[in-house]
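Report on one structure; see the data block that follows.
Numbered from 1 within each chain, the chains take letters A, B, ... in sequence-line order.
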Amino acid sequence: MGLKDIISPFYVWKRALEKPFTHPSPLTTRPGSDRYRGFHQNDMHKCIGCGSCETICQNAAIDLVHVDGIETTEADSGLRPKIDYGRCCWCGLCVDICTTASLTMSNEYTWVDADPEVYRFIPGADEKSWNDTDKGYRRAEGYNLLETERVDMDMTLGDDGIKSFMEVIHGYTKEQAMAEAMRCVECGVCVATCPAHMDIPDYIKAIREDRLEDALELLYRTNPMPATCGRICTHRCETVCALGHQGDPVAIRWLKRYIIDQFPAEKAIAQLEQEFEDNGLKVAIIGAGPAGLSAAYYLVRLGYNVTVYESQNKAGGMIRYGVPYYRMPEDIMDDEVTVIEKMGVILKTGIKIGRDLLFEKLMHDNNAVLMATGFESPYELSIPGEHHSRVISGIDMLDDIANGKSVEVGNVVAVIGGGNVAFDAARTARRLGADVCIYYRRRIEDMPADSEEIHEAQAEGVKIIVQSIPVHIEDNNGSPRMIWNRAEMVDQGPGKRPKPVLIQGASETADVDTIITAIGQASDYDYIPESMSGRIHFNKTRVATERLGQTAETKVFAAGDIVNSRGDAISAIADGYRAAKGIDAYLTTKKGEK
Amino acid sequence: MKSTENKIIHPLENAGVPEDQRHLYCDASPRPYPALNKYVERFLNWARANSLWILGYGTGCGAIELRPLLTSRFDISQYGMNPRPTPRQSSVFIIGGYLSVKTLKRVIRSYEQMQNPKFVVGLGSCTVNGGMYWDSYNTVNRLDYYLPVDVYVAGCMPRPEAIIAGFEKLKSTIMAGQAEGANEYAERFDWYKSNQKKIIKDWDMPDYNW
Amino acid sequence: MDRSKFPEIVDGKSQYDLDSGRFVKIWNGPQHPGVTGNMALEVVISGDEVVDLKTHVGYLHRGFEKLMEQRLYIQNFPLVCRICVPEPDTNEYLYAAAVEELSGLEVPERAQWLRTLTLEMSRLASFIMWLGGQAGSFGMGTVGQWAVAVRDYVLDLFEAITGGRIYHMYITPGGVRDILPEGFDADLEDVLKKVEKFMHDAEIVLFHNAVFKKRTKGLGIITPDMIDPYGILGPNARAAGSTRDVRKDSPYAVYDKLEFNVIVGSDSDAYDRARCRFQEMQQSIELIRQIMEIMPRKGSFYNRPPNVLHWQIPPGETYVKAESTRGEYGYYVVSDGSNKPRRVYVKGPSYTHAVALFEQMAVGTNYADLPGLMVSLHTYPPEIER
Amino acid sequence: MNSLIKRLKMQFDVEEQTQRSNLSFINATALQLPALLTHLRDYEKYTQLIFLTAVDRIEDNQFQLTYMLADESSQNNIGVRVRIDRENAVMTSIAHLWHHARTYQQELREMFGIDFPGSPGVNDNFILEGWEEIPPMRRDFDTREYSEKTYFPRPGRSTTHPRTAMKAVDPDYPELPLMKGRVK
Amino acid sequence: MYIATKAFYLFVSIIVALVWGLTVNGIVRKIVARVHGRIGPPVWQPFIDIIKSNAKRSMIAHGVMFYFGPVFRFAGGLGTYVFIPAVFGSVVFENLSFSGDLLLVMYFIFFGQLGMALGAGEGGHPASAIAVGRGLAQMTAFELPFALSIISLATQYNTLSITDIVAAQQAGVMSWTVFTNPLATFAALFALLGMNMHSPFDIVIAPQEIPLGPPTEYQGSLLGMLHTNRGIFVSAKLILFMNLYFGGALNLPILMVKTFAIYMLSVVVGVAFPRFRADQSIRFFLGVPTVLGILALLIQ
């Protein structure tokens with residue numbers, strides 16, 4: 001210890017001459033850094049109320065609550081996160097997991113109050129000074145807690161695919177299914193959107209945990225035809241999937257298919273409940289399409305004796321006869337029907353009501369009758385020359401193929417329409433060896449067909465010409481020549497879809513071997529006898545019913561395409577459920593009256 | 001939480017204190033002190049607000065942000081604040097976040113040793129509703145059940161600036177004559193005590209320590 | 001140590017008679033400025049000499065280990081940094097490393113560099129605060145004031161990278177949450193210069209200070225043969241001649257790619273420990289510069305684990321360790337195949353230093369030296385009781 | 001590390017599991033533990049006790065005690081695992097081997113209820129104070145329930161699951177399952 | 001009439017001393033803050049603190065002696081001041097100085113501390129007791145060089161009247177004691193370091209281990225009284241040193257400059273060093289300062 005040790009400490013005084021460390025006015029001049037994790041912000045319009053933030057919050061700081069002015073719609077639960085700042089730890093996990101990236105954090109950090117109860121607010125809905133701050137914590141690029149890409153599905157596409165009617169989609173393997181099931185955040189937004197309200201999050205969870213028996217049970221609770229839906233469903237659920245906002249939606253349809261693929265009919269039957277209390281009441285169902293089968297299934301489970309009458313040789317309706325085998329193999333359809341039959345449904349095929357059996361007899365023999373006949377008659381083009389012999393309807397063609405008849409389409413085929421039937425017809429034609437071109441009035445994004453189907457068709461070499469309207473069909477040495485006109489989309493104002501309008505002078509011709517029309521179908525109500533015609537009301541082409549399918553003739557119910565306008569299998573299945581519920585309610589009250 | 005439950009005044013038990021030591025402690029409950037003449041009180045409140053002495057008890061995480069605050073970078077001495085090492089001389093008790101039951105016991109002791117008027121500032125989520133440790137078996141969730149709190153500062157941890165803002169708020173509350181936590185504690189003494197005793201299982205201290 | 005003049009110990013408890021007037025019992029803490037953080041020392045003194053000391057901890061007990069068993073793997077990552085408030089990043093790193101090891105999750109190279117950068121920065125911040133505390137505990141508030149202010153500059157850097165001053169929550173299983181912000185290099189250099197200036201000043205006024213030397217030299221000597229029986233770690237052990245440093249012994253993150261030497265002392269008293277830590281601070285600055293120079297600036301910084309809401313980790317157990325400012329910090333994680341850890345045990349180095357070692361060392365020292373001695377062991381109570 | 005295990009196996013009845021090149025776990029019986037630890041400390045240079053803790057294996061009705069040792073020179077770690085009965089859990093104290101083992105044992109006594117007879121001050125309070133429930137680190141202690149019961153939950157908080165909220169979209173939302181009394 | 005005027009003058013003098021003492025405190029805090037690299041409290045902060053302390057509503061007591069502690073302390077401060085002629089030749093500030101006042105002042109300087117010791121001991125806080133022990137030990141230690149220095153001065157000027165000592169230094173700067181008797185001055189200045197309780201001799205009030213030392217238990221108006229005393233006592237000490245060693249003051253501005261400069265001495269040392277332990281500081285005072293004192297005495 002020398003003199004230096006005594007003198008050098010006085011060096012501290014140098015600091016007195018320097019600028020102080022103290023920040024002069026920290027409150028106003030020190031905003032949080034650009035990434036500061038301050039108070040939350042939420043973009044009310046982007047948020048769909050999926051509740052992932054609530055799930056991941058380890059502090060249970062987030063509640064989902066209804067907010068005035070936000071309606072519950074099919075894609076939005078109408079709920080918004082309400083954050084309890086008596087719990088929040090500002091970790092930002094909620095921001096990281098937000099499926100829509102609507103939840104962020106501002107760089108504001110001062111909130112002082114004497115009342116502890118005020119520290120709860122709904123970001124975005126409650127007026128706060130930091131609502132519009134553009135700085136603060138955001139998810140970094142390259143950092144995302146959720147997988148945005150779905151597991152690729154193995155498919156046979158392109159040249160290999162069109163060689164045969166083998167199923168194109170191969171289905172997930174166990175690893176793939178589990179990986180895809182992992183992506184789900186279990187928000188349940190999809191459940192409401194699914195017409196049949198299937199327990200999507202639950203069965204995905206069951207896949208993830210490899211409880212396939214439970215998964216099957218869950219599927220059959222709400223959907224008697226899961227194999228069908230696992231293949232050809234229009235999957236509205238996927239369009240609202242929370243993950244779809246920042247990437248691919250969860251492949252709900254393929255996951256469903258994965259479950260049912262593990263259960264051939266015998267295994268599924270072994271797994272499901274089969275014996276139900278018999279209540280002695282009889283119900284007749286006309287049409288063994290998805291709606292009819294679904295209603296039959298539910299009614300059997302409720303204890304009714306159900307007979308389904310089908311005019312075709314096999315049950316399945318449009319799914320069997322309108323969907324080609326490469327999408328919906330025949331044996332899968334058979335399995336599907338077998339399971340339902342095993343539940344106790346009596347199926348009588350080849351019986352056309354009105355021809356083989358009179359509607360009145362049904363009315364007499366049964367306690368209730370359900371009409372589920374569907375739309376079978378194709379719409380006409382209503383243009384000159386459409387009755388040319390080489391102009392066929394898509395639905396008829398598919399029907400013929402399904403019945404094993406040979407169909408000749410030639411080398412060049414034009415398909416008119418943009419729905420699933422159009423694409424099925426086009427791809428079938430492709431498999432028959434033709435060059436196929438689809439003509440559609442509107443744009444690709446307006447097509448009612450599933451996007452996967454469009455994509456697969458394109459991959460198989462189907463050409464698509466959009467904004468094209470056929471105006472005339474001529475005969476060209478026995479084969480048809482189609483004159484079509486280009487159209488432009490004219491905006492119809494907000495909320496209405498744009499309308500195609502012919503462009504003058506932009507007409508072109510196409511020489512083809514066959515023209516397949518697939519612009520929609522209508523129903524055939526011939527089987528309804530004269531005596532009842534006044535008692536069943538119609539709404540344009542559809543049967544007017546009550547909420548649960550009851551027509552004006554209380555004993556008669558209706559379901560499926562003849563009632564709802566969505567025209568897809570899952571809606572028909574949901575309709576079947578509704579009708580079953582309606583019939584049960586009707587018969588139960590009637591019994592009570594007695 | 002202005003509740004009137006447990007309003008019955010009963011003689012204090014001085015639980016836990018051996019009989020022969022009772023005389024060492026005060027067995028009277030605290031009493032509220034009414035404000036003086038309006039103008040005098042206004043002047044005194046001004047002095048109280050501008051000379052806030054902080055009790056140097058780092059009860060939780062929050063203590064870490066008090067250091068920059070008390071030292072050069074943010075230097076709250078320029079606002080008339082100073083750390084004091086003893087509760088006797090301090091007027092502000094900063095609860096730095098969560099309170100474990102064991103700490104709560106000491107906090108109550110320290111708080112009761114502070115002299116009226118005294119103020120409590122709760123930092124962070126933990127004092128409002130338990131914060132991160134909402135489901136912990138050892139931390140209390142809501143501070144205002146155990147002590148009257150004048151100001152809460154949100155954050156986890158609140159930045160020093162936010163705490164300064166909290167002090168500004170506390171100052172304005174004091175100057176407005178509304179920071180009467182000590183009187184509230186005296187008036188609702190039984191309610192506070194019953195809450196405290198509910199969770200502090202080994203109550204081996206006098207009911208009220210001055 | 002010759003304990004014959006101190007009260008007899010029976011069954012781990014000193015036998016002293018307070019009524020004799022020879023002994024005075026004093027509680028240092030928990031409400032007391034002389035203890036580091038919220039803990040208590042039950043001190044018995046005779047005159048100015050400490051004759052018995054018992055450390056009381058548990059005032060900060062939040063039941064972390066229990067809470068972690070109740071939360072998903074991802075939900076624990078905001079929790080762990082709270083275990084050690086002044087140096088949270090070690091916890092974040094270790095938790096992430098343990099989970100990654102058990103789940104087999106790879107971490108991108110760039111993330112490892114960023115992790116090392118934050119680890120070193122937090123070392124620096126923690127050491128700076130310790131230096132202030134060490135000076136302050138001997139009554140030199142000036143250095144204490146400077147230190148906390150300078151540490152705040154490092155916190156500003158943390159805020160720029162991670163969005164949080166104290167709790168960074170930056171190192172997450174799979175990588176880190178973000179890359180460095182723009183203009184960070186210049187800010188960092190600016191801060192490092194400030195820190196260096198502070199350290200230059202501190203060296204002059206503190207380490208060449210007659211009174212400081214007088215107070216610390218010969219205070220709290222740890223002899224090499226105490227290291228193992230007391231489980232002494234980190235600078236406390238290195239000042240006694242041990243060369244253990246996890247960064248060198250079993251390199252983690254990218255420490256094997258950095259050049260540095262283990263700093264070893266010889267006198268192992270409070271002054272020497274301070275000296276060692278001071279040199280480690282200088283080393284940290286050097287390491288930060290090295291990292292900034294060779295760190296890759298491109299590439300991925302995060303490997304996503306499977307959906308964190310359902311992330312299950314196969315059964316197994318592991319122990320991962322890292323060098324914190326107080327010594328080897330370790331996480332022992334047991335997974336049972338579910339989506340929540342079965343057990344997370346956090347081994348903080350203060351655990352042994354503040355209880356078993358300190359209780360032994362304090363006996364015989366002057367009561368006035370107690371705070372300084374305690375700080376010179378560099379203990380943080382929250383990591384003792386968790 | 002491997003040679004060490006071989007040597008150990010010659011003397012003790014242990015099972016080994018290597019986690020990393022510098023970390024192994026060995027399973028030992030409670031009876032031979034003190035001898036094993038002493039051996040490791042005195043002859044194998046595993047001189048440092050890093051920690052001692054317990055894992056509640058409630059499904060086996062056992063506690064697993066893990067003693068983590070570190071090699072003085074190579075800093076390799078070895079974790080010695082011992083299973084003991086969960087009911088009336090008692091374990092031999094190792095406080096005589098390492099001074100700081102005392103606090104670990106004190107903590108285990110408090111948090112798990114494992115007794116270490118003879119360990120100094122093992123029955124004193126360490127972290128908790130006035131604890132009346134079962135030891136909190138045991139798996140069968142529910143901290144959330146205890147917290148809600150004890151610490152005044154905040155009133156007025158309620159949340160809605162999106163699935164529930166979305167039932168508003170469809171009045172015929174199925175109340176599942178649609179099935180009546182089953183006969184089997 | 002004479003008494004009334006005197007009393008009024010004394011009152012004015014005390015108020016001035018008090019205000020100046022507190023202001024010096026405030027300024028010094030500001031300066032120390034600069035060294036710390038911060039802004040520091042407003043200069044008038046000590047005044048607000050005193051008002052605040054007196055505005056406390058409740059108060060606790062530990063017996064009669066507990067009350068007397070601050071009273072003694074205050075009396076000590078006041079007593080020290082009133083017997084020191086603050087401004088040489090001023091009627092208002094001559095206070096109650098008389099021919100033997102130096103001894104009385106010496107007595108009062110320590111009277112306050114002793115009284116405080118009694119009161120603090122009554123508080124029952126062990127930290128207070130320890131601090132009192134340390135304080136008394138340290139006081140004894142620095143009192144030795146101080147006493148030696150005073151004796152040296154008394155021998156040098158052959159008087160025990162402060163006024164006379166000041167008068168003897170009026171011949172010019174070089175006639176100040178600091179130049180005529182540097183050894184005694186330095187011995188006394190070392191003692192002043194101890195008396196002012198700045199580092200390195202502030203172990204008595206070390207907040208790190210014995211929260212504030214003797215006044216630990218004091219609060220409210222009792223603390224206010226202690227703070228008030230600090231104002232007067234600081235003034236008194238500084239004026240005494242100014243009078244004895246730095247030639248006194250002919251008017252208030254000079255008094256302010258000189259006392260402030262003397263105070264800065266403690267501050268300059270204080271911010272640069274940690275604190276000594278009690279035994280170390282006792283050893284220190286019994287070393288160089290005492291030797292200086294003895295030498296100063298021997299030389300006279």
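Comparing D:Met137, D:Met68, D:Arg57 by heavy-atom pairs within less than 4.5 Å of chain C, the highest count is held by D:Met137. Counting heavy-atom pairs closer than 4.5 Å to chain D, the top-ranked of the candidates C:Thr318, C:Thr352, C:Val334, C:Asp249 is C:Thr318. For the set C:Glu328, C:His56, C:Arg244, the count of heavy-atom pairs under 4.5 angstrom toward chain D peaks at C:Arg244. Taking chain C as the reference chain and counting heavy-atom pairs below 4.5 Å, the highest number among D:Glu107, D:Glu59, D:Arg144, D:Arg139 is found for D:Arg139. Of the listed residues (C:Gly63, C:Pro349, C:Gly231, C:Ala356), the one with the most heavy-atom contacts under 4.5 Å to chain D is C:Gly231.
Using a 3.5 Å distance cut-off with no hydrogens or angles, the side chains of C:Arg343 and D:Thr53 do pair a donor with an acceptor.
Going from atom CD of D:Gln48 over to atom CG of C:Leu233 covers 5.0 Å, rounded to the nearest 0.5 Å. D:Thr103 OG1 to C:Glu359 CD: the interatomic distance, rounded to the nearest 0.5 Å, is 8.5 Å.
Between D:Asp56 and C:Arg342, the shortest heavy-atom contact is O-NH2, 2.8 Å. Contact detail for D:Asn77 and C:Lys321: the closest heavy-atom pair is OD1-NZ, 2.7 Å. Of all heavy-atom pairs spanning D:Gln19 and C:Leu102, the tightest one is NE2-CD2, 4.3 Å. Nearest heavy atoms, D:Ile50 versus C:Lys347: O-CE, 3.0 Å.
With a threshold of 4.5 angstrom between heavy atoms, D:Phe25 approaches chain C through side-chain atoms but not through N, CA, C or O. Heavy atoms of C:Ile227 lying under 4.5 Å from chain D belong to its backbone as well as its side chain. With a threshold of 4.5 angstrom between heavy atoms, D:Gln64 approaches chain C through side-chain atoms but not through N, CA, C or O. Proximity to chain C (any heavy atom under 4.5 Å) is restricted, for D:Ala54, to the backbone atoms N, CA, C and O. C:Val57 touches chain D through backbone and side chain together, each having a heavy atom under 4.5 Å away.
Identified by a heavy-atom distance below 4.5 Å to chain C, the contributing residues of residues 92-100 of chain D are D:Trp98, D:His99, D:His100, in residue-number order.
Every residue two or more places apart in sequence or in another chain that forms a side chain to side chain contact (heavy atoms under 4.5 Å, CB included) with D:Glu133 is listed here: D:Trp131, D:Phe141, D:Tyr146, D:Lys149. Annotation: side chain to side chain contact (heavy atoms under 4.5 Å, CB included) contacts of C:Asn261 (sequence neighbours excluded): none. Under the rule for a ring pair (Phe, Tyr, Trp, His ring centres under 6.0 Å), the partners of D:Phe51 that lie at least two apart in sequence or sit in another chain are C:Tyr319, C:Tyr332, C:Tyr345.
A distance-only check finds no donor-acceptor pair linking the side chain of C:Glu385 to the backbone of D:Leu128 [under 3.5 Å]. In this structure, the side chain of C:Lys66 engages the main chain of D:Arg138 through a donor-acceptor pair within 3.5 Å.
Residue-environment remark: CD1 (D:Ile58) exceeds the threshold of 12 foreign heavy atoms within 6.0 Å. D:Asn61 CG: more than 12 foreign heavy atoms inside a 6.0 Å radius. By the 6.0 Å contact criterion, NZ on C:Lys248 is enclosed, its count of non-hydrogen atoms from other residues, nucleotides or ligands being greater than 12.
With a 4.5 Å cut-off on side-chain heavy atoms, D:Arg20 and C:Val320 count as touching.
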